[in-house]
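Structure first, then comments.
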Amino acid sequence: MTGQLKDKVALVTGASRGIGYQIAKGLAAEGAHVIALARTVGGLEELDDEIKSAGGSATLVPLDLTDMGGIDRLGGAINERWGRLDVLVANAGLLGVLAPIGHIEAKTFEKTMTVNVTATWRLIRSVDPLLRKAQAGRALVISSGAAHSAKAFWSLYAASKAATEAMVRSWANETQNLPLRVNSVNPGATRTAMRAQAMPGEDPKSLPTAREVAAKIVPLAFAGVTETGKLFDVRAEKFLDYRDPA
């Protein structure tokens with residue numbers, strides 16, 4: 001590790017397992033103090049143990065992202081303690097259900113949109129002023145190839161990720177003249193519990209691990225990254241430009 005994030009403050013949502021867990025570890029290994037947010041206390045405590053055993057530091061935030069007031073209070077708490085936020089990794093998300101669009105229950109649709117879209121907006125609103133205070137603020141919002149492929153039966157998840165990407169692009173345009181860099185990230189198919197839920201017949205050993213994927217995402221938080229308003233494709237290991245339909 002290079003210590004690129006020494007003395008930086010990083011917030012990671014969905015940090016109790018999978019890609020978020022490994023990103024949090026990677027940011028801590030680079031010197032960042034990690035604010036790890038998730039619903040699952042046990043997973044957060046395990047993460048804390050691993051970070052501390054490696055010489056890093058973390059603050060645990062057990063929070064359900066449907067708690068909008070809690071998200072609002074989080075920004076105030078970060079401001080009071082650190083006065084800024086250097087890195088945001090908005091990773092938490094729900095798959096919802098894979099089903100014909102007319103068969104999706106309203107409560108499932110609403111919960112998935114609440115976590116994947118509304119909570120992401122609320123989080124951005126809460127920490128945007130803090131990222132602007134950083135010398136080189138970096139915001140990474142985890143998306144999915146589903147936002148563009150729009151496969152049959154994936155309408156709910158695809159719509160939520162497409163909405164989030166559009167929101168992130170607008171945010172990047174609003175902040176393009178600031179040091180803050182804002183990008184979406186497509187991790188690609190990864191050996192996670194969500195992937196197993198979506199594709200139960202798939203051989204997980206054919207997919208990269210969350211740790212391998214996270215290792216390619218962590219450097220996007222470094223000050224040397226100049227791209228903004230783009231989509232980083234982990235498999236291709238490059239930033240992609242958005243294009244209007246031909």
Side-chain angles (χ1 to χ4, degrees), residues 1-15 19-20 22-37 71 74-75 78-79 82-93 116-117 119-145 147-148 161-188 213-243:
M1 296 299 176
T2 59
Q4 294 253 14
L5 299 175
K6 188 177 185 302
D7 300 324
K8 303 294 186 182
V9 181
L11 170 62
V12 182
T13 68
I19 294 173
Q22 297 297 335
I23 289 175
K25 283 180 59 179
L27 294 173
E30 288 290 350
H33 178 83
V34 175
I35 304 167
L37 184 153
I71 296 174
L74 176 64
I78 293 172
N79 183 57
W82 292 284
R84 72 182 196 286
L85 181 66
D86 299 289
V87 179
L88 167 67
V89 181
N91 164 76
N116 292 6
V117 184
T120 301
W121 159 71
R122 198 81 171 231
L123 183 66
I124 290 170
R125 189 180 76 156
S126 185
V127 303
D128 170 71
L130 303 174
L131 287 163
R132 291 170 181 253
K133 289 182 178 182
Q135 290 184 345
R138 297 291 178 266
L140 305 172
V141 180
I142 305 302
S143 188
S144 168
H148 307 276
K161 290 301 183 180
T164 302
E165 280 196 26
M167 182 167 57
V168 170
R169 289 176 66 190
S170 289
W171 185 26
N173 286 333
E174 293 169 10
T175 58
Q176 62 183 339
N177 294 324
L178 302 176
L180 173 60
R181 306 286 87 182
V182 176
N183 292 293
S184 293
V185 178
N186 175 16
V213 169
K216 297 178 181 180
I217 297 174
V218 168
L220 305 180
F222 296 170
V225 173
T226 59
E227 291 83 354
T228 195
K230 297 188 178 184
L231 175 67
F232 185 82
D233 188 300
V234 171
R235 289 291 183 90
E237 297 188 50
K238 65 179 181 180
F239 281 99
L240 304 178
D241 292 322
Y242 286 99
R243 298 180 180 179

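Computed from a predicted model, the values in this text were never measured in an experiment. As a basis for the values below, the full set of heavy atoms in this structure was taken, side chains included, without hydrogen atoms, waters or symmetry mates.
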State, with a plain yes or no, whether a side-chain heavy atom of [X] is found less than 4.5 Å away from one of [Y].
X: Trp121; Y: Arg125; answer: yes
X: Arg138; Y: Asp86; answer: no
X: Glu174; Y: Asp128; answer: no
X: Asn183; Y: Leu220; answer: no
X: Trp82; Y: His33; answer: yes
X: Val213; Y: Gln22; answer: no
X: Leu123; Y: Leu37; answer: no

Looking at [X] and [Y], would you say the former's side chain and the latter's main chain have a donor-acceptor pair under 3.5 Å?
X: Lys161; Y: Ile142; value: yes
X: Ser126; Y: Ile71; value: yes
X: Ser143; Y: Val185; value: no
X: Gln4; Y: Glu30; value: no
X: Arg181; Y: Thr226; value: yes
X: Asn186; Y: Gly145; value: yes
X: Thr13; Y: Ala92; value: yes

* Asked: Charged N to carboxylate O under 4.0 angstrom, Lys230 versus Asp241?
  ->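 Counted as a salt bridge, because a side-chain N and a carboxylate O are separated by less than 4.0 Å.
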* **Phe232 and Phe239 aromatic ring geometry - parallel, tilted or perpendicular at 30°/60° bounds** =>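 Judged by the thresholds at 30° and 60°, the geometry between Phe239 and Phe232 is perpendicular.
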* Minimum heavy-atom distance Ile19-Pro187, with the two atoms named ->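 The answer is CD1-CB, 3.8 Å.
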* Heavy-atom pair of closest approach, residues Gly229 and Tyr242 ->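 Minimum heavy-atom contact is O-CD1, 3.5 Å.
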* To do: To the nearest 0.5 Å, tell me how far Leu140 CG sits from Asn91 CG.
  =>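 Taking CG in Leu140 and CG in Asn91, the distance rounds to 10.5 Å.
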* Among Leu5, Ile217, Leu11, side chain to side chain contact (heavy atoms under 4.5 Å, CB included) partner for Leu27 ->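 Looking at Leu5, Ile217, Leu11, the match for Leu27 under the side chain to side chain contact (heavy atoms under 4.5 Å, CB included) is Leu5.
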